[in-house]
2 protein chains.
Amino acid sequence: MSLRFAIITSLLEREATGLELTRRFDRSFGYFWPASHQQIYRELRSLLDAGLIEEKGDPARPGRGQPRVVGVTEEGVASLRRWIGELDEPRPERSSLAVRIRAAAATGELGGVEDAVRRHLAAHTATLETYREIERRDFADRLLDAEGELHHLVLRSGLANEQAWIGWCEDALELLQRLRRSE
Amino acid sequence: MSLRFAIITSLLEREATGLELTRRFDRSFGYFWPASHQQIYRELRSLLDAGLIEEKGDPARPGRGQPRVVGVTEEGVASLRRWIGELDEPRPERSSLAVRIRAAAATGELGGVEDAVRRHLAAHTATLETYREIERRDFADRLLDAEGELHHLVLRSGLANEQAWIGWCEDALELLQRLRRSE
DNA sequence: TGTTGCATGTAAGACGTTACATGATTTG
DNA sequence: CAAATCATGTAACGTCTTACATGCAACA
């Protein structure tokens, strides 16, 4: 469901074609809800069918290869407003790294898992740096309007998450090295 | 892929029937890789076909309704050991709460999102308390073997994650209240 | 004997990923 | 005009969720 409303929100911020949306998801929206262009086109079709978005601009150019700009309808905005307050439990977290560590605990295969942790640490460190650059670029001055404050809040969620992961990975490496030495 | 190896690991720790596995996933393994009984039975079938697990106990009782205990084969253990070191990037995080906050920023619908944040805060607080209870129960004494240390490490990943979420939710509520007052 | 609980399954649909297909526009 | 790029799609597959179906055992 969230993808649907992520798209409506993004289109509400500004009308776009499918590919422009895809790029927005690669560049910003996708940091908290990733989506490929295939998912986006499929969802756009369904949103058009439901009347929540509509085609803007010259409708006399159908067919493949032609950019099709879409925008949100009144009904789309109404459904978005309703969705915001709907019941929403946190989705279960899945950590393949935790599975690997339990597997290592059960088999004694400690070397492989250490490599895996190191790769995760590198990835999280890179993501953290990306988020910090965005923060410097977009949220450096302290005079933000409500919309800016909320965007910053979302970014801080990513920052906190990456920092928590990095701290834990460092912890994990320390433990794994200690266990390996004392074997 | 991870579910497959989560099941092998759990069966390596101890043989089980499908339902026993399901309960283990509800009670411990599922904190970092949730799975329903449908997923588990499907994967068990596939693991049997692949020869990575095999039926233990009386094979003369086939059919429905009868418990079927399975255990890991030599080949299963080998494939688990191989998997531990395989390339594994962190899977993209998805946050429906972040989508809601961006939607609130775009529509001005701040009341609904505040409720959503409060519910997430309550859920994360409850999960944190569960993890703390497990920590008190299973990891209170400081004399753990390697396996115990690794299990504790996995638990600490959950603890760190929940704590990060709770801190952020409190932050978010503060901001949302401030924005509401200054409207 | 009917209800409850245990145990194993089937089916359908939503969501995600990967690979590929097709048309239009730009530019070397 | 060939190649690259932009843009919109299709298809197949795998995973996850939700709802339902079937059989056995205990027991009131």
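Protein chains get the first letters and strands the later ones, always in sequence-line order, with residue 1 at the start of each. Just so it is clear, the structure is predicted and the values come from calculations on it, not from any experiment.
- Whole-Å rounding puts the B:Glu55 CD to C:dT8 C1' distance at 12 Å.
- For the pair B:Ile40 CD1 and C:dA7 P, the computed distance is 14 Å after rounding to whole Å.
- A salt bridge is absent between A:Arg156 and B:Glu170; no separation between the charged side-chain nitrogens and carboxylate oxygens falls under 4.0 Å.
- Residue order along DNA chain D, read from the 5' end via each residue's closest nucleotide, puts B:Arg91 first among B:Arg91 and B:Gln38.
- Within the nucleic acid shown, B:Arg45 comes within 4.0 Å of sugar-phosphate atoms alone, with no base atom in reach, counting heavy atoms only.
- Here the closest non-hydrogen pair linking A:Ser2 and A:Trp83 is OG-CZ2, 3.8 Å.
- Between A:Tyr41 and D:dG9 there is no side-chain polar atom (N or O) within less than 4.0 angstrom of OP1 or OP2.
- Across the protein-nucleic acid pair, A:Asp26 atom CG and D:dC6 atom P stand 13 Å apart, rounded to whole Å.
- Annotation: of the two residues near DNA chain D, B:His37 and B:Arg42, the 5′-most nearest-nucleotide partner is B:Arg42.
- Under a 4.0 Å N-O distance rule, the pair A:Glu174/A:Arg178 does not qualify as a salt bridge.
- Comparing A:Gln39 and B:Leu19 against DNA chain C, the residue whose closest nucleotide sits nearer the 5' end is B:Leu19.
- Comparing A:Ser36 and B:Glu20 against DNA chain C, the residue whose closest nucleotide sits nearer the 5' end is B:Glu20.
- Counting to the nearest Å, the C1' atom of D:dT15 and the CZ atom of B:Phe25 are 14 Å from each other.
- Summarising the geometry, the separation between CG on A:Leu44 and P on D:dT10 is reported as 12 Å, rounded to the nearest angstrom.
- Distance B:Glu43 CD to D:dT17 C1': 16 Å, rounded to the nearest Å.
- Applying the 4.0 Å criterion to OP1 and OP2 of D:dG9, one finds that A:Arg68 has a side-chain N or O inside that range.
- Nucleotide D:dT8 holds its C1' atom 16 Å from the CG atom of A:Leu47, rounded to whole Å.
- Within 4.0 Å (heavy atoms only), B:Arg4 reaches no atom of the nucleic acid at all.
- Classification of the B:Tyr41-B:His37 ring pair by plane angle, with boundaries at 30° and 60°, yields perpendicular.
- The residues A:Arg14 and A:Glu20 are annotated as not salt-bridged, no charged nitrogen and carboxylate oxygen being separated by less than 4.0 angstrom.
- Atom CG in B:Leu3 sits about 6 Å away from atom P in D:dC16, given to the nearest Å.
- In this structure, A:Thr17 reaches the D:dT8 phosphate: one of its side-chain N or O atoms is under 4.0 Å from OP1 or OP2.
- Looking at heavy-atom distances under 4.0 Å, B:Arg23 makes contact with sugar-phosphate atoms alone, never a base.
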